[in-house]
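Reading through the structure tokens given below for one structure.
Letters A, B, ... mirror the listed sequences (proteins, then strands); counts begin at 1. Here the structure is a predicted model, which is why all the values come from computation and not from measurement.
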Number of protein chains: 2
Amino acid sequence: MSRATAALEGDSTATRDGNASARVADALREQIIHGEYPPGARLRQEEIAERFGASRVPVREALKSLEAEGLVTLVANAGAWVSRLTLAECEEIYQTRERLEPLLLRYSAPGLGPADYDTLDSLAERMAATEDVAEFLALDREFHMTSYSAASTLMLGDLVNRLWNTTQPYRRAYTLLIDVHSQRIVHDEHHLLVTALREGDLESAERTVESHIRRTRRLLSGHPEIFSDTTTDRR
Amino acid sequence: MSRATAALEGDSTATRDGNASARVADALREQIIHGEYPPGARLRQEEIAERFGASRVPVREALKSLEAEGLVTLVANAGAWVSRLTLAECEEIYQTRERLEPLLLRYSAPGLGPADYDTLDSLAERMAATEDVAEFLALDREFHMTSYSAASTLMLGDLVNRLWNTTQPYRRAYTLLIDVHSQRIVHDEHHLLVTALREGDLESAERTVESHIRRTRRLLSGHPEIFSDTTTDRR
DNA sequence: TCTGTTGAGATTGCATCCAATCTCGCCTAC
DNA sequence: GTAGGCGAGATTGGATGCAATCTCAACAGA
């Protein structure tokens with residue numbers, strides 16, 4: 001199946017830049033986040049290696065990285081699976097986010113300016129207007145990441161990113177279920193956040209993000225059926 | 001230097017248990033935490049491989065894991081160094097801990113019992129009694145980890161552990177400097193924490209840990225000289 | 001019909017080998 | 001005397017090959 005690698009082989013120098021493992025990790029991460037590998041899906045080294053036109057060595061290193069990020073679960077001498085979460089585990093991640101994202105916002109807020117506030121408003125409006133789930137998810141993520149974009153942190157920013165990544169498949173399933181009323185509340189909270197940032201009221205902004213995440217967590221708790229997935233294998 | 005691996009070669013089956021990479025990662029992590037590799041020290045793949053009686057492949061996978069944990073910094077086509085922190089980065093980690101450890105304690109507290117409280121008291125007393133820095137550090141860590149030991153979390157427990165690991169070298173340098181007065185306050189805070197846990201006052205326990213970490217962070221801020229290390233190489 | 005076992009195929013783990021890149025001291029040219 | 005370039009040694013990155021382990025379906029026995 002070396003035909004599958006044709007798109008990559010076009011750039012013959014790309015395979016020789018000394019970081020194939022990073023490239024594989026980035027590409028795999030994107031594919032998992034975008035749902036091309038659902039939770040519970042098995043990841044075979046050889047298949048992945050073939051697809052990226054690399055050998056299994058950099059693939060294994062990429063899987064190691066993704067395991068540390070929580071996206072992949074490795075079992076010695078058995079294989080790799082896309083991590084699957086229970087409702088309780090997802091709630092743990094949301095509770096962690098409730099504590100961390102206000103802190104990250106505290107790091108970011110002083111560096112945000114009027115142009116950023118306008119971008120945030122625009123993103124919030126587009127979220128309210130769209131009816132496409134994929135676009136809604138992408139805009140929501142872009143909105144929050146923009147609010148954190150001015151934070152130059154060692155690990156906190158990456159950490160929050162990882163927490164979003166591991167819960168992304170469930171956020172997608174959940175977004176399909178929320179009603180117009182909840183959607184309106186999300187929009188209001190986003191608007192409140194931008195307003196607090198514009199006014200320089202950091203305390204209020206922090207509390208708004210925290211409440212925003214907590215509300216989502218509680219709504220998620222009401223949909224345990226999202227986590228009882230029996231279509232794919234174990235783990 | 002193959003003589004150095006003699007102790008490991010004694011068990012010839014150990015190299016064939018299908019997780020050499022995990023063994024190398026665990027051992028390297030311990031050595032970094034215990035200060036055998038100081039911040040900024042270069043980690044050469046071949047030297048490490050030789051020392052553990054393995055090839056460079058599992059060593060590279062181990063380094064990937066440690067990089068994701070924040071203990072090691074990798075640069076493509078250049079090498080691996082033990083991560084070095086600036087004062088600002090260390091403060092970021094402490095601020096993160098201030099938010100996360102109260103939450104972890106909330107997960108753990110319901111599972112702790114009288115036997116655990118006694119263990120905690122004993123550890124606190126031994127900390128007050130010792131004058132050895134290494135023992136003080138070990139007891140401090142064991143005290144806090146015991147208070148979190150009943151939490152069965154997906155990632156929060158591991159995450160807190162990683163934050164302790166990356167700051168361990170600086171905690172050691174700092175412990176050498178604190179005076180008797182500060183040491184007494186640490187002891188009082190530990191005692192307060194155990195008391196709150198015994199009384200089932202979770203709110204108070206959470207606030208006590210938070211204050212405890214914040215106080216340490218502020219004291220650390222007063223010793224920027226710990227972070228201006230010019231003895232070893234860059235990065 | 002159900003349960004325990006066994007063996008071939010599939011898959012992972014690691015060692016060895018080769019290519020690419022970086023480091024750094026020496027040499028040449030101006 | 002100084003700046004720029006060159007190249008040998010050291011080090012990392014990746015591909016291939018082999019051994020060990022796991023998977024799973026077919027089969028034998030109760």
Side-chain angles (χ1 to χ4, degrees), chain A residues 1-2 4-5 8-9 11-28 37 40-68 72-83 232-235, chain B residues 1-2 5 8-9 11-28 37 40-68 71-83 232-235:
Chain A
M1 303 184 187
S2 56
T5 66
L8 284 166
E9 284 167 359
D11 186 0
S12 60
T13 63
T15 56
R16 278 273 141 251
D17 55 358
N19 56 0
S21 129
R23 274 192 10 263
V24 172
D26 290 344
L28 257 186
Y37 286 103
R42 176 145 187 197
L43 299 167
R44 277 170 224 278
Q45 298 177 3
E46 198 140 9
E47 176 220 329
I48 297 167
E50 214 166 6
R51 218 147 42 73
F52 290 105
S55 82
R56 280 170 41 225
V57 173
V59 171
R60 288 168 53 87
E61 290 175 10
L63 289 174
K64 273 276 179 206
S65 294
L66 297 180
E67 181 196 28
V72 162
T73 302
L74 293 179
V75 178
N77 289 317
W81 287 260
V82 177
S83 296
T232 41
D233 213 6
R234 58 197 164 144
R235 269 171 257 264
Chain B
M1 301 183 189
S2 57
T5 64
L8 284 168
E9 286 167 358
D11 185 0
S12 60
T13 62
T15 56
R16 279 268 142 253
D17 57 357
N19 57 357
S21 129
R23 273 191 11 261
V24 171
D26 290 344
L28 257 186
Y37 286 102
R42 174 141 187 202
L43 300 166
R44 277 171 223 278
Q45 297 175 5
E46 196 139 14
E47 177 219 329
I48 297 167
E50 210 167 9
R51 216 148 43 71
F52 291 106
S55 83
R56 280 171 42 226
V57 174
V59 171
R60 291 181 45 189
E61 289 175 11
L63 289 175
K64 272 275 177 207
S65 293
L66 296 179
E67 182 197 28
L71 272 180
V72 162
T73 302
L74 292 179
V75 178
N77 289 318
W81 288 262
V82 176
S83 295
T232 41
D233 211 9
R234 57 195 166 147
R235 270 172 259 262

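Between Ser83(B) and Leu71(B), every side-chain heavy-atom pair lies at or beyond the 4.5 Å cut-off.
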**Request:** Test Leu63(A) against Leu28(A) for side-chain contact (heavy atoms from CB on, under 4.5 Å), laying out the working first.
**Result:** CA-CA 9 Å; Leu63(A) 289 174; Leu28(A) 257 186; 4.1 Å; yes
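When rounded to the nearest whole Å, the span between CG of Leu63(B) and C1' of dT12(D) equals 11 Å. Across the protein-nucleic acid pair, Arg56(A) atom CZ and dC14(C) atom P stand 11 Å apart, rounded to whole Å. Between the CD atom of Glu61(A) and the C1' atom of dA15(D) there is a distance of 12 Å, rounded to whole Å. Between the P atom of dA15(D) and the CD1 atom of Ile48(A) lies a distance of 14 Å, rounded to the nearest Å. In this structure, Phe52(B) atom CZ and dC14(C) atom C1' are separated by 16 Å, rounded to whole Å. Note: CZ (Arg23(B)) to P (dG13(C)) measures 14 Å, nearest angstrom. What separates CG of Asn19(B) from P of dA15(C) is a distance of 12 Å, to the nearest Å. If you take CD of Glu67(A) and P of dT12(C), they are 14 Å apart, rounded to a whole angstrom.
Side-chain N/O atoms of Arg60(B) include one lying less than 4.0 angstrom from OP1 or OP2 on dG14(D).
Under the salt bridge (Lys or Arg N to Asp or Glu O under 4.0 Å) criterion, Glu67(B) pairs with no residue at all, not counting sequence neighbours. In terms of the side chain to side chain donor-acceptor pair (under 3.5 Å) criterion, Arg44(B) has no residue partners (sequence neighbours excluded). Applying the salt bridge (Lys or Arg N to Asp or Glu O under 4.0 Å) criterion to Glu46(A), with sequence neighbours excluded, gives no partner residue.
Taking both residues in full, the closest heavy atoms of Ser65(A) and Lys64(B) are given as OG-CD, 3.4 Å, listed atom of the first, atom of the second, then distance.
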Collect all protein-nucleotide pairs involving nucleotides 7-11 of chain D in which both atoms are nitrogen or oxygen and the distance is under 3.5 Å.
residue	atom	partner	partner atom	Å
dT11(D)	OP1	Arg44(B)	NH1	2.9
dT11(D)	O3'	Arg42(B)	NH2	3.3

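Rounded to the nearest 0.5 Å, atoms CZ (Arg60(A)) and CD1 (Ile48(A)) are 12.0 Å apart. The CG atom of Leu66(A) lies 8.5 Å from the CG atom of Leu74(A); values are rounded to the nearest 0.5 Å. Between Glu50(A) atom CD and Ser55(A) atom OG the span is 12.0 Å, to the nearest 0.5 Å.
No engagement by Leu74(B) is indicated, since no non-hydrogen atom pair under 4.0 Å with the nucleic acid exists. No contact: Ala80(B) has no heavy atom under 4.0 Å from any strand.
The overall bend of the helix from dT1(C)-dA30(D) to dC30(C)-dG1(D), read as the angle between its terminal helix axes built from five base pairs each, is 10° when rounded to 10 degrees.
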